[in-house]
Amino acid sequence: MSLRNPIIAVTGSSGAGTSTTSEAFDHIFRALGIKATVVEGDSFHRYTRPEMDLLKRRATEEGKTFSYFGEQANDFLALETLFRDFSEKGEGTMRRYLHTFDEAVPYNQMPGTFTPWQHMGKESDILFYEGLHGGVVTEDADVARHVDLLIGMVPIVNLEWIQKIFRDTNQRGHSKDAVRDSIVRSMDDYFKYITPQFSRTHINFQRVPTVDTSNPFSAKAIPSQDESFVVIRFRDATNVDFPFYLRMIDGSFMSRVSTLVVPGGKMGLAMELILKPLIEDIMEKRNAAGQQIDWTRDS
Ligand SMILES: Nc1ncnc2c1ncn2[C@@H]1O[C@H](COP(=O)(O)OP(=O)(O)OP(=O)(O)O)[C@@H](O)[C@H]1O
Ligand SMILES: O=C(CO)[C@H](O)[C@H](O)COP(=O)(O)O
């Protein structure tokens, strides 16, 4: 954690909606005049899509599991290094994983490949991470300890799968069977690396549909915001102004002392009301820390 160079991370499984909900952060950053460097978690995959296909086939033949959720397929140490470098020096090294032709063409590359690693200078106020592993802790790497505000994006699992199936088949060119295989193959790593993160988060946003999602593989569409509620759980509810949220968000209620529930259509508003003051606070502390450093230099 660093007062001077804060890190905010949204962590969630594949298809959870980390990219989609990052728009809410983008609005807040713009409203507060914050310059954020955005890091996508997929940049820390170890392998290109063709390499990964080969390794997955080999693992299946050997009866082993191998998925995008685990440490064999992701360089957690490189991710931790980026977070540590940013919190200590405000800089670091990053790249992008290009999923689609739309993303790949501007780089003159193929989908499923990485851009070259690039150095990021000291031009950002904060580092914003969205992806699979913002709160990961393993024997070798502790990514979570560098994060100042850690948010979990966790639809209930049937909805998560529906979101993944639709996104992967419509935008990333995979077949339904391939997506199903990937979900099955990822299960062990899901329990080992993904779910433990949600006990380290400061706040979890869990979208819960109010329509039947009992067979995610036959769903005709992704349940809409209005066909869902969002369960918002605060790890430390001591200073949370629940009466304010209940007044401001029509149709909201509390289901536990630490848990607010809002209608799905109010998710954006709820995120803004909850996260903006937290980010403002992070920025005030950052600015105060900066002034302290300047004062020391002047004297
Ligand atoms: N709140 C929501 N309401 C409706 N659809 C949603 C919502 N959140 C996400 N989706 C849809 O779910 C799909 C997956 O979302 P998104 O791409 O944001 O997931 P992700 O967590 O970034 O996945 P990955 O890490 O695999 O890139 C997208 O088609 C998106 O439009
Ligand atoms: O969402 C994912 C992990 O977060 C993808 O499964 C992973 O990034 C591989 O992407 P692609 O299937 O486009 O090669």
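All ligand and atom numbering here is 1-based and tracks the order in the structure. Throughout, numbering of the chain's residues begins at 1 and tracks the sequence. Remember, it's a predicted structure, so these values are computed and weren't measured experimentally.
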Is it true that K164 and D168 make a salt bridge, defined as a side-chain N closer than 4.0 Å to a carboxylate O? yes

Report the part of T20 (side chain from C-beta onward, or backbone N, CA, C, O) that has a heavy atom under 4.0 Å from ligand 1; answer both or neither where that applies. both

Note: S13, heavy atoms under 4.0 Å from ligand 1, region reported as backbone

Do the non-hydrogen side-chain atoms of L98 and T115 ever get within less than 4.5 Å of each other? yes

If you count the atoms of ligand 1 from 1 in the order shown, which ones are under 4.0 Å from a heavy atom of R172? 26 (O), 27 (O)

For R207, atoms of ligand 1 separated by under 4.0 Å from a heavy atom: 1 (N), 2 (C), 3 (N), 4 (C), 5 (N)

Is the closest N or O pair between R167 and ligand 1 shorter than 3.5 Å? yes

Counting heavy atoms only, which of D42, D168, T18, I222 is nearest atom 5 (N) of ligand 1? I222

Looking only at distances, can you tell me whether any N or O atom of G17, backbone or side chain, sits closer than 3.5 Å to an N or O atom of ligand 1? yes

Could you list, one pair per line, each nitrogen or oxygen of ligand 2 together with any protein nitrogen or oxygen closer than 3.5 Å, giving atom names and the distance rounded to 0.1 Å?
from	atom 1	to	atom 2	distance (Å)
ligand 2	1 (O)	S14	OG	2.8
ligand 2	1 (O)	R172	NH1	3.0
ligand 2	4 (O)	D42	OD1	3.1
ligand 2	8 (O)	D42	OD2	3.4
ligand 2	8 (O)	H45	NE2	2.7
ligand 2	10 (O)	H99	ND1	3.1
ligand 2	12 (O)	H174	NE2	2.7
ligand 2	13 (O)	R49	NH2	2.8
ligand 2	13 (O)	H99	ND1	2.7
ligand 2	14 (O)	R49	NE	2.7
ligand 2	14 (O)	R49	NH2	3.3
ligand 2	14 (O)	Y97	OH	2.6

Is the closest N or O pair between Q171 and ligand 1 shorter than 3.5 Å? no

Result of checking N74, V143, T138, D75 against H133 for side chain to side chain contact (heavy atoms under 4.5 Å, CB included): N74

Could you check T195 against V154 for side-chain contact (heavy atoms from CB on, under 4.5 Å), going step by step and ending with a plain yes or no? CA-CA 9 Å; T195 52; V154 207; over 6 Å; no

Between H45 and Y47, does the ring centroid distance fall short of 6.0 Å? no

Under 4.0 Å to a heavy atom of A16 - the qualifying atoms of ligand 1, by number: 19 (O), 21 (O)

State which residue, out of V147, D148, V39, fulfils the side chain to side chain contact (heavy atoms under 4.5 Å, CB included) condition with L127. V39

Whether R57 and D53 form a salt bridge (side-chain N of Lys/Arg under 4.0 Å from carboxylate O of Asp/Glu) is what I want to check. no

Is it the case that atom CD in E51 sees more than 12 heavy atoms from other parts of the structure closer than 6.0 Å? yes

Atom 22 (O) of ligand 1: the protein heavy-atom neighbour that sits closest, reported with distance to 0.1 Å: S19 OG, 2.4 Å

The ring-ring contact (aromatic ring centres under 6.0 Å, His included) partner of F44 among F76, Y129, W117 is W117

May I ask you to identify the nearest protein heavy atom to atom 13 (C) of ligand 1, giving residue, atom name and distance to one decimal place in Å? Q163 O, 3.6 Å

When rounded to the nearest 0.5 angstrom, what distance separates CG in L278 from CD1 in I151? 7.0 Å

Output yes when D189 and K192 qualify as a salt bridge under the 4.0 Å nitrogen-oxygen rule, no when they do not. no

Would G15 count as a contact residue for ligand 1, given that I'm defining contact as a non-hydrogen atom of the residue lying under 4.0 Å from a ligand atom? yes

Does any N or O in the side chain of R95 come within less than 3.5 Å of the main-chain N or O of F114, such that one atom is a donor and the other an acceptor? no

